[in-house]
Amino acid sequence: MSKVRTRFAPSPTGYMHIGNLRTALYEYLVAKKEDDGVFILRIEDTDQGRLVEGATDIIYDTLKQCGLKHDEGPDIGGNYGPYVQSERMKSGIYKEYAWKLIELGGAHVCFCKEEDIEEQRKIALAKNVSFKYDDPCKFLSQQEIEQRIAAGEKYVIRQNINPEGTTSFDDEVYGTITVENSTLDESILLKSDGFPTYNFANVIDDHMMEITHVVRGNEYLSSTPKYNLIYEAFGWNKPTYIHCPPVMKDEHQKLSKRNGDASFQDLVAKGYLPQAIINYIALLGWAPETEQEIYTLDELKKAFNVKRIGTSGAIFDIEKLRWMNGMYLRAMSLEDFTALIMPEIEKAVKNPVYDKQEIAKILQPRISILSEIPEMLDFFDTYPAFDNSFYVNKKMKTNEEIALKSLIEARKILSSLEDWREPIIHDALMNLIQQLQIKNGQLLFPVRIALSGKQFTPGGAIEIATILRKEETLRRIDSALKQLQNNL
């Protein structure tokens, strides 16, 4: 059995789309399921019009952030380079193989203008009839071809497809696929500018790099028979195909960067962790054998099985990703979590008197994504205006009158404390609750509202008071009392 070799072959056209990242992950897992499997990065830049400056660096950075370390690629080399298609083209390999395919009967030179063919296609579409271009150039003699090329006529090289019969192939996800040859277009393999098309370059590069397994989206199912006809014409071994269902925005629309859907970079910018994103997208279309949902990358290597990839589209659920991201944040050590979010805390809380380590401590059990932090902490620097209706809460059994009484008593106790540490504040307020014979929420809820001016906060009354310190705590309670007294 030959060594498993997979390749991730993105085009540098912008940010990393979630579907592309999932393909990279599955390619990586297929390779790394075997101890000696090889995961290759190949940059496919034959579509020069769509290239985006800096996009290749984005590909490198994304794979690095996600832990998908490639064994061969443009940046680290390998025995099968170059790993950038435009660089490979300089050696003339695509043109060489295209002409070789002509000799083998698998392709032909075409001088027809693409716009003329497209016009015929539109006419057929308007008439609601199937369109199959019958290229007259297939019947040119070798002498005619050479003369027209020598005269400077532009040409492309098209694939030859016998319209008779069927072509079949086996896919690890979809089983055996059979298509009528009459439905297959004779696609361009080499364009007039000398660049190969995506479809042709893929086949040549996969063969030359000895790729054993090809993972890609199911939109390529219809093209695979054409790829296989090229393999057969050359007499090459075909790779194992693994076609994956699409990642869906909803039941009807695919997730797409062209439609403005979130890329990997967008999600990271919003505060999602790369490892949480990888964990989540692994489950988009793949079902593990157990109920486990949280996986490290090493655990995914062991658990992944292409036979458990489904055939229907998987809907991208941002709330599920949000939940999973929260699980990752809470599983971190407090030290690592604090180091991660400290830049966000420092941007949100400018007052140097507040203990930012303590702020991190109260955030960890309560946040799901890092972008929540600024809004959760804004009350520390700026005490917001708020309505007294915030004190009304059925669950806490509070209203404005109860809040007023509780704050008066809490103010007395807190002002008497000489030692302003969390355990001391906790004991003082809990003892007060017992003395007043009221529910915990009837005291702690109004205190929290008074200290933050917010209905939802990252910590409770005692934690917030500890961070605010005594002077600011009493100042805010006094302000809240004045507002309550003026309105009752």
Side-chain angles (χ1 to χ4, degrees), residues 9 11 13 42-51 84-125 130-142 144-146 148-163 167 169 179-208 214 216-217 219-234 236 238:
S11 298
T13 56
R42 187 173 75 218
I43 302 298
E44 301 200 338
D45 59 349
T46 57
D47 191 349
Q48 296 285 295
R50 296 181 59 226
L51 301 186
V84 178
Q85 281 186 339
S86 59
E87 294 178 14
R88 295 174 67 77
M89 198 191 86
K90 294 174 184 176
S91 68
I93 58 170
Y94 303 119
K95 190 172 184 178
E96 177 186 336
Y97 275 109
W99 282 97
K100 179 66 174 176
L101 192 60
I102 292 174
E103 293 177 20
L104 295 170
H108 67 275
V109 176
C110 175
F111 294 96
C112 303
K113 293 181 179 179
E114 197 62 31
E115 54 265 31
D116 294 338
I117 300 173
E118 188 58 33
E119 185 62 29
Q120 293 181 44
R121 193 187 308 275
K122 290 179 181 178
I123 292 171
L125 184 63
S130 60
F131 175 74
K132 181 75 174 177
Y133 181 61
D134 190 12
D135 191 349
C137 295
K138 286 195 288 187
F139 306 104
L140 294 175
S141 68
Q142 183 63 29
E144 287 177 297
I145 291 172
E146 291 175 357
R148 293 178 71 167
I149 292 176
E153 283 194 53
K154 285 189 175 182
Y155 69 93
V156 299
I157 294 180
R158 287 185 182 276
Q159 186 173 7
N160 282 344
I161 297 178
N162 186 339
T167 299
F169 69 96
V179 300
E180 299 286 336
N181 287 354
S182 60
T183 65
L184 301 177
D185 288 338
E186 294 188 327
S187 304
I188 294 175
L189 304 179
L190 198 73
K191 295 179 284 188
S192 59
D193 60 5
F195 274 84
T197 58
Y198 171 85
N199 294 333
F200 186 57
N202 254 279
V203 173
I204 303 304
D205 289 343
D206 285 348
H207 168 73
M208 296 186 72
V214 170
R216 57 186 172 218
E219 66 268 25
Y220 292 102
L221 278 170
S222 60
S223 301
T224 301
K226 294 192 287 188
Y227 302 154
N228 279 353
L229 289 173
I230 297 174
Y231 278 105
E232 290 170 4
F234 281 116
W236 296 340
K238 300 165 193 165

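Along the sequence shown, the residues carry numbers beginning at 1.
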- Of all heavy-atom pairs between P196 and K191, which one has the smallest distance, and what is that distance? O-CE, 3.7 Å
- Query: Is Q85 close to I43 at the side-chain level, that is, under 4.5 Å between some pair of heavy atoms?
  - Reply: no
- Note on the structure: In this structure, SG of C137 is separated from CD of E144 (nearest 0.5 Å) by 10.0 Å
- Output, in order, the C-alpha distance, side-chain angles, deciding distance and verdict of side chain to side chain contact (heavy atoms under 4.5 Å, CB included) for L221 and F169. CA-CA 10 Å; L221 278 170; F169 69 96; 3.8 Å; yes
- Item | Interatomic distance, M208 atom CE to D205 atom CG [nearest 0.5 angstrom] | 7.5 Å
- Does the side chain of E232 reach to within under 4.5 Å of the side chain of K238, using non-hydrogen atoms? yes
- Message: Between Q159 and L229, does the side chain to side chain contact (heavy atoms under 4.5 Å, CB included) criterion hold? Intermediate values first, please.
- Response: CA-CA 9 Å; Q159 186 173 7; L229 289 173; 3.6 Å; yes
- Item | Student check: side-chain heavy atoms of D206 and V214 closer than 4.5 Å | yes
- Taking all atoms of both residues into account, what is the closest heavy-atom pair of L189 and F200, and its distance? O-CB, 3.5 Å
Give every donor-acceptor pair under 3.5 Å between a side-chain atom in residues 180-187 and any protein atom, sequence neighbours left out.
{"unit_1": "N181", "atom_1": "OD1", "unit_2": "T167", "atom_2": "N", "d": "3.3"}
{"unit_1": "N181", "atom_1": "OD1", "unit_2": "T167", "atom_2": "OG1", "d": "2.6"}
{"unit_1": "N181", "atom_1": "ND2", "unit_2": "N162", "atom_2": "O", "d": "3.3"}
{"unit_1": "N181", "atom_1": "ND2", "unit_2": "E164", "atom_2": "O", "d": "2.9"}
{"unit_1": "T183", "atom_1": "OG1", "unit_2": "E180", "atom_2": "O", "d": "2.6"}
{"unit_1": "E186", "atom_1": "OE1", "unit_2": "K138", "atom_2": "NZ", "d": "3.3"}
{"unit_1": "E186", "atom_1": "OE2", "unit_2": "K138", "atom_2": "NZ", "d": "3.2"}
{"unit_1": "E186", "atom_1": "OE2", "unit_2": "I161", "atom_2": "N", "d": "2.9"}
{"unit_1": "S187", "atom_1": "OG", "unit_2": "K226", "atom_2": "NZ", "d": "2.6"}

- Item | Side chains of Y155 and R148 in contact at under 4.5 Å (non-hydrogen atoms) | no
- Query: Is it true that E44 and R42 have a side-chain N and a carboxylate O under 4.0 angstrom from each other?
  - Reply: yes
- Task: Scan for salt bridge (Lys or Arg N to Asp or Glu O under 4.0 Å) pairs involving residues 104-117, sequence neighbours excluded, and state none if there are none.
- Result: E114-R158
- Query: Would a distance-only check, ignoring hydrogens and angles, find a side-chain to backbone donor-acceptor pair under 3.5 Å from E87 to V84?
  - Reply: no
- Task: Mind listing the closest non-hydrogen atom pair of Y227 and R216 along with its distance?
- Result: CD1-NH2, 3.1 Å
- Query: Is there side-chain contact between M89 and F195, with heavy atoms separated by less than 4.5 Å?
  - Reply: yes
- Message: For a quick check under 3.5 Å, do N199 and Y220 share a side-chain donor-acceptor pair by atom type?
- Response: no
Review item, side-chain donor-acceptor pairs of residues 97-111, under 3.5 Å, at least two apart:
{"unit_1": "H108", "atom_1": "ND1", "unit_2": "N160", "atom_2": "OD1", "d": "2.5"}
{"unit_1": "H108", "atom_1": "NE2", "unit_2": "D135", "atom_2": "OD2", "d": "2.7"}

- Item | Between OG on residue S141 and CD on residue E146, distance to nearest 0.5 Å | 8.5 Å
- Separation between CG (N202) and OG (S223), nearest 0.5 Å, reads 10.0 Å
- Looking only at non-hydrogen atoms, find the nearest pair between L190 and G194 and report the distance. CD1-O, 3.5 Å
- May I ask you to test the V203-H207 pair for a side-chain heavy-atom distance under 4.5 Å? no
